2 protein chains.
Amino acid sequence: MPRLGLNPHRLALGGAELADEVGFEQVTASALAQRFGVKVASLYSHIRSTHELKVRIALFALDELADRAAEALAGRAGKDALFALGNVYRDYAREHPGRYAATHLRLDPQTAAASAGPRHAQLARAVLRGYQLDEPAQTHAVRLLGGVFHGFASLELGGAFSHSTPDSEQSWTWTLNALDALLSAGPPDAG
Amino acid sequence: MPRLGLNPHRLALGGAELADEVGFEQVTASALAQRFGVKVASLYSHIRSTHELKVRIALFALDELADRAAEALAGRAGKDALFALGNVYRDYAREHPGRYAATHLRLDPQTAAASAGPRHAQLARAVLRGYQLDEPAQTHAVRLLGGVFHGFASLELGGAFSHSTPDSEQSWTWTLNALDALLSAGPPDAG
DNA sequence: CGGCTTTGCCTAAACAGTTTAGGAAAAAAA
DNA sequence: TTTTTTTCCTAAACTGTTTAGGCAAAGCCG
């Protein structure tokens with residue numbers, strides 16, 4: 001029996017592909033072992049538990065997504081950057097639904113801090129530099145952006161907007177325009 | 001052995017409570033049977049599968065949430081209604097994290113159509129009546145609202161905003177004010 | 001190359017959750 | 001009371017997780 005040379009990273013990669021095919025929830029050690037043509041127990045030489053496997057998939061996806069976002073943002077500012085960042089998230093969710101779902105796995109604080117999570121926040125802040133927002137407002141806006149991107153992608157992925165007009169593409173563009181207008185108009189702090 | 005008089009609805013209710021205690025993912029037939037002091041196999045007289053159990057919990061939560069939203073919206077309009085609706089979702093997510101997670105279970109189209117889902121869309125439309133939006137824009141706005149509420153509650157629940165200043169309460173208020181300002185300003189259709 | 005260590009994958013088995021089949025007794029209907 | 005239905009039970013098959021221990025391939029050293 002020739003060896004495959006498995007390792008934690010390769011398992012995470014295979015797990016990510018598997019997640020895109022069958023859904024993140026359905027990623028099991030059994031299925032992954034089958035995918036590699038290996039017995040289940042063999043995986044446990046490389047990972048401690050299926051939970052660790054899922055965490056590794058999440059970290060990988062978070063990283064990949066941050067890379068894409070950073071690349072998309074290079075050389076862009078203002079509205080252009082806002083649209084680019086939004087589209088990176090939405091496109092990733094549609095292209096890699098399993099990995100996208102993985103990015104929402106709850107991580108314990110230390111793991112989260114060491115993940116690409118903070119990088120995502122930094123990227124959002126970079127986009128917001130194009131709009132004149134003072135400090136508390138900028139943090140609020142980071143959260144708003146996170147909420148809108150996550151919420152929209154998540155609902156769209158769940159099919160909440162399918163089979164109804166106008167199509168979600170138009171709602172997405174409308175939403176990005178709305179965010180741009182909102183941020184341009186400055187903080188709406190007055191009740 | 002006296003009978004408990006279990007039925008699908010009672011199981012869904014118990015499942016909802018269990019979900020709030022241990023998380024929606026951790027709701028299993030075994031755990032629920034233990035909770036009722038009954039053997040696992042007994043549950044299968046009332047439900048076909050654990051998936052059906054989860055669907056029933058989701059439908060129950062969706063219904064309960066729509067009821068709360070409808071009650072909160074009664075006698076309110078405009079910004080007042082917007083804040084009320086947003087707070088219902090956020091409060092429900094914080095008060096009943098397991099049930100809230102259940103509301104995001106993917107339902108097959110027929111089940112979704114028969115659920116309280118459409119009622120939620122109706123409630124969002126009712127809020128938006130307070131703002132002058134023409135038809136395509138109103139649908140976009142329904143989706144934006146859904147995205148923001150869902151995204152914010154979801155991220156907040158995941159602890160994404162905890163342990164950082166300003167606290168998420170302020171970001172939430174800021175976000176609601178921003179949405180109100182945005183909707184009041186009319187459709188930002190021009191690029 | 002031949003022997004030593006390390007490592008990767010194996011078999012085997014314990015454990016937990018799901019699901020079905022068939023039985024006994026409580027509750028309801030006659 | 002007798003009959004029927006319903007509710008819960010025991011038992012067992014099946015899938016996925018996880019650990020223990022073994023054998024052989026890969027890597028290292030003379």
Side-chain angles (χ1 to χ4, degrees), chain A residues 1-60 97-99 101-102 105-108 111, chain B residues 1-60 97-99 101-102 105-108 111:
Chain A
M1 306 111 182
R3 294 191 195 178
L4 288 181
L6 298 181
N7 59 50
H9 183 258
R10 212 169 287 209
L11 290 184
L13 206 67
E17 291 167 8
L18 184 61
D20 285 338
E21 290 163 16
V22 305
F24 185 59
E25 304 289 297
Q26 274 66 51
V27 172
T28 64
S30 301
L32 191 57
Q34 257 192 288
R35 184 171 225 277
F36 279 110
V38 144
K39 298 292 168 181
V40 200
S42 305
L43 299 190
Y44 285 83
S45 311
H46 308 284
I47 51 167
R48 227 185 303 278
S49 64
T50 46
H51 182 253
E52 185 188 315
L53 172 65
K54 289 191 169 184
V55 169
R56 281 183 187 277
I57 296 172
L59 293 176
F60 167 74
R99 303 180 197 200
L105 182 69
R106 305 259 186 274
L107 302 174
D108 63 282
T111 310
Chain B
M1 305 112 182
R3 294 192 195 176
L4 287 182
L6 298 182
N7 58 50
H9 183 258
R10 212 170 286 210
L11 290 185
L13 206 68
E17 291 167 6
L18 184 60
D20 285 338
E21 289 163 17
V22 304
F24 185 58
E25 305 288 298
Q26 275 65 51
V27 172
T28 64
S30 302
L32 191 57
Q34 259 192 288
R35 184 170 225 277
F36 279 110
V38 144
K39 298 292 169 181
V40 198
S42 305
L43 299 189
Y44 286 82
S45 311
H46 308 285
I47 51 166
R48 227 185 304 277
S49 64
T50 45
H51 181 254
E52 185 188 316
L53 172 65
K54 288 189 169 186
V55 168
R56 280 183 188 278
I57 297 172
L59 293 175
F60 167 73
R99 302 179 198 200
L105 183 69
R106 305 260 187 274
L107 302 174
D108 64 281
T111 311

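For clarity, every value in this text was computed on a predicted model and none was experimentally measured.
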With a 4.0 Å cut-off on heavy atoms, is [X] in touch with a base, just the backbone sugar-phosphate, or nothing at all?
X	value
Ser45(A)	base
Ala31(B)	nothing
Val40(B)	base
Thr50(A)	sugar-phosphate

Rounded off to whole Å, could you give me the [atom1]-to-[atom2] distance for the [X] and [N] pair?
X	N	atom1	atom2	value
Lys39(A)	dC23(D)	NZ	P	18 Å
Glu52(B)	dT18(C)	CD	C1'	14 Å
Gln34(B)	dG17(C)	CD	P	8 Å
Tyr44(B)	dT7(D)	OH	C1'	17 Å
Leu6(B)	dA27(C)	CG	P	13 Å
Asn7(B)	dT7(D)	CG	C1'	12 Å
Ile47(A)	dT17(D)	CD1	P	9 Å
Leu43(B)	dT6(D)	CG	C1'	15 Å

Flag side-chain contact, heavy atom, 4.5 Å: [X] against [Y]:
X	Y	answer
Leu43(B)	Leu53(B)	no
Asp20(A)	Arg99(A)	yes
Val27(B)	Leu32(B)	no

Can you find a side chain N or O atom of Ser30(A) that sits less than 4.0 Å from OP1 or OP2 on dT17(D)?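 For Ser30(A), the contact criterion (side-chain N or O under 4.0 Å from OP1 or OP2 of dT17(D)) is met.
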
His46(B) side-chain N/O to dT6(D) phosphate OP1/OP2 under 4.0 Å: no

Salt bridge Glu25(B)-Arg106(A), side-chain N to carboxylate O under 4.0 Å: no

Quick check on Gln34(B): does its CD atom have over 12 non-hydrogen neighbours (other residues, nucleotides or ligands) under 6.0 Å away? no

Quick one: which of [options] gets closest to the side chain of [X]?
X	options	answer
Ala29(B)	dA12(C), dC9(D), dT18(C)	dT18(C)
Ala41(A)	dT17(D), dC9(C), dT11(C)	dT11(C)
Ser42(A)	dC10(C), dG17(C), dT10(D)	dC10(C)

